[in-house]
There are 2 protein chains.
Amino acid sequence: MLKKRNVMTIGTLAKTAGVGVETVRYYQRRGLMSEPEKPYGGIRHYDEQALARLHFIRASQWLGFSLDEIGELLTLQDGAHCDEARELGEQKLTSVRRKISHLQQIERALNELVQKCSAGHGDVYCPLMASLNDGVEDATTDKHKVC
Amino acid sequence: MLKKRNVMTIGTLAKTAGVGVETVRYYQRRGLMSEPEKPYGGIRHYDEQALARLHFIRASQWLGFSLDEIGELLTLQDGAHCDEARELGEQKLTSVRRKISHLQQIERALNELVQKCSAGHGDVYCPLMASLNDGVEDATTDKHKVC
DNA sequence: ATTGCTTCCGTAGTGAGGTACGGGTCTAAG
DNA sequence: CTTAGACCCGTACCTCACTACGGAAGCAAT
């Protein structure tokens, strides 16, 4: 499968990195990966640097960076911009924490509603539906503007 | 602004509920709200039921339900389907909890990376970048498939 | 009556991150 | 030599929840 010196076609590269061929081409269009020169009339080949780039992208994505942000990270890759990189990381960390606390709010509300529904009740009304009709946040926490 | 008996135009309805006119029309197209009959040659009017429906939709959305799921919830609104409603709520609760734990994993990883970058280091390399190159999850937790 | 804001209605575009298609070319296996 | 399977490339399409556009018609105030 892998040729000597790990020279790969786009298909092999994609499979090795666990993404689709179309995804690699999409990253190229987005400017996140370069397209290797096409040798006379033929098929481009990719090396381990391309694979490393794909790993970088997927790792960054896993951390919640958008493709635009990843593009920015890639310009800092020489290691001489650690401060900028850390700054981006801190911003992302903040946004991740915000998302977590938002979801935790939702979790508390939803949990309470489901509990109420599970507890026996008169059968003529549904506490979950009642809360949805009245506005959920009133039923579970103090008043916040919806969204 | 509100006419007697709270009869509203679509604009007033939308503003009262805190959404855009286009959003109301979009919900109508999606079948989440009905379009009132149009009186001879003119302008539809909306009552408090329409407003309640909008509140229901926004409250459900806040809990993480998609518009399709909200459509399903609306069919259970008579209160006689509490079990089905609770089931949907439990599914959503499960998915919310999955999202939270995923984000917490990310938070731990990102936090560790940012910490490493903040601590003084040789200045010739950036721990954050190094981790992105190597695959983040190795650096912070046991090995998982990226995404 | 004229201005100016709404409403009505269908259709089309947005953003994020891809995925699919189709027609052509290349390469490796038999 | 033929054929199956990659590759190349541009373009279109997908989901989700809206948001915008454009022209016609209504309604409220001046």
Side-chain angles (χ1 to χ4, degrees), chain A residues 1-4 7-46 50 54 56-74 92 95 99 146-147, chain B residues 1-3 7-46 50 53-54 56-74 92 95 99 146-147:
Chain A
M1 187 68 86
L2 297 176
K3 288 189 185 174
K4 57 193 168 191
V7 168
M8 301 169 267
T9 65
I10 194 173
T12 311
L13 171 69
K15 190 177 290 180
T16 306
V19 303
V21 168
E22 300 303 321
T23 305
V24 174
R25 284 178 34 67
Y26 176 65
Y27 292 164
Q28 290 173 337
R29 286 201 296 280
R30 291 282 304 240
L32 299 177
M33 299 187 62
S34 55
E35 280 184 86
E37 287 308 308
K38 184 163 68 166
Y40 306 102
I43 284 175
R44 300 177 204 284
H45 37 64
Y46 297 84
L54 269 177
F56 184 99
I57 293 171
R58 302 308 276 193
S60 305
Q61 261 188 324
W62 184 80
L63 287 174
F65 290 100
S66 70
L67 295 185
D68 278 353
E69 290 166 331
I70 292 169
E72 202 172 344
L73 281 175
L74 283 167
K92 190 52 61 181
S95 94
K99 278 184 199 160
V146 173
C147 189
Chain B
M1 187 68 87
L2 298 175
K3 287 188 184 173
V7 167
M8 303 170 264
T9 65
I10 193 172
T12 312
L13 172 69
K15 190 177 290 181
T16 307
V19 303
V21 168
E22 299 303 321
T23 304
V24 174
R25 287 180 30 70
Y26 175 67
Y27 292 164
Q28 291 173 335
R29 287 200 297 279
R30 291 281 304 241
L32 298 178
M33 299 188 61
S34 56
E35 281 184 87
E37 288 308 310
K38 183 165 67 166
Y40 309 100
I43 283 176
R44 302 177 203 283
H45 37 67
Y46 297 82
R53 176 59 61 97
L54 271 177
F56 183 100
I57 294 170
R58 303 308 276 194
S60 305
Q61 264 188 324
W62 184 82
L63 286 174
F65 290 100
S66 70
L67 294 185
D68 278 352
E69 289 167 331
I70 293 169
E72 203 173 341
L73 282 174
L74 284 167
K92 189 53 60 182
S95 94
K99 277 185 201 160
V146 173
C147 189

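Proteins get letters first, then strands, A, B, ... in listed order; numbering begins at 1 in each.
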Notebook entry, point to check: Under 4.0 angstrom, heavy atoms only, what part of the nucleic acid is B/E35 near: base, sugar-phosphate, or nothing?
Noted result: sugar-phosphate
A correct 5'-to-3' footprint of nucleotides 14-21 of chain C, with B, S and - meaning base, sugar-phosphate only and no protein heavy atom under 4.0 Å, is ---BBBBB
Rounded to whole Å, the CD1-C1' distance (B/I10 to C/dC5) equals 15 Å
Here the distance between atom C1' of C/dT27 and atom NE2 of A/H45, to the nearest Å, is 14 Å
Contact between B/V7 and B/Y46 at the side-chain level, heavy atoms closer than 4.5 Å - yes or no?
no
Taking every heavy atom of A/L63 against every heavy atom of A/K92, the minimum-distance pair comes out as O-CG, 3.7 Å
With sequence neighbours left out, the residues meeting side chain to side chain contact (heavy atoms under 4.5 Å, CB included) with B/E72 are B/L88
message: Is the shortest side-chain heavy-atom distance between B/I57 and B/M33 below 4.5 Å?
response: yes
Sorted by chain and number, sequence neighbours left out, side chain to side chain contact (heavy atoms under 4.5 Å, CB included) with A/I43 holds for A/T9
So salt bridge (charged side-chain N to carboxylate O under 4.0 Å, His left out) across residues 31-41 of chain B, not counting sequence neighbours, yields B/E35-B/R44
From the list B/E22, B/Q28, B/R29, B/R30, side chain to side chain donor-acceptor pair (under 3.5 Å) with B/Y26 holds only for B/R30
ask   = Closer than 4.0 Å, any side-chain N/O of B/K38 to the OP1 or OP2 of C/dT7?
value = no
With five pairs defining each end axis, the helix from C/dA1-D/dT30 to C/dG30-D/dC1 comes out bent, to 10°, by 20°
Those residues at least two apart in sequence (or on a different chain) that pass salt bridge (Lys or Arg N to Asp or Glu O under 4.0 Å) with B/R53 are none
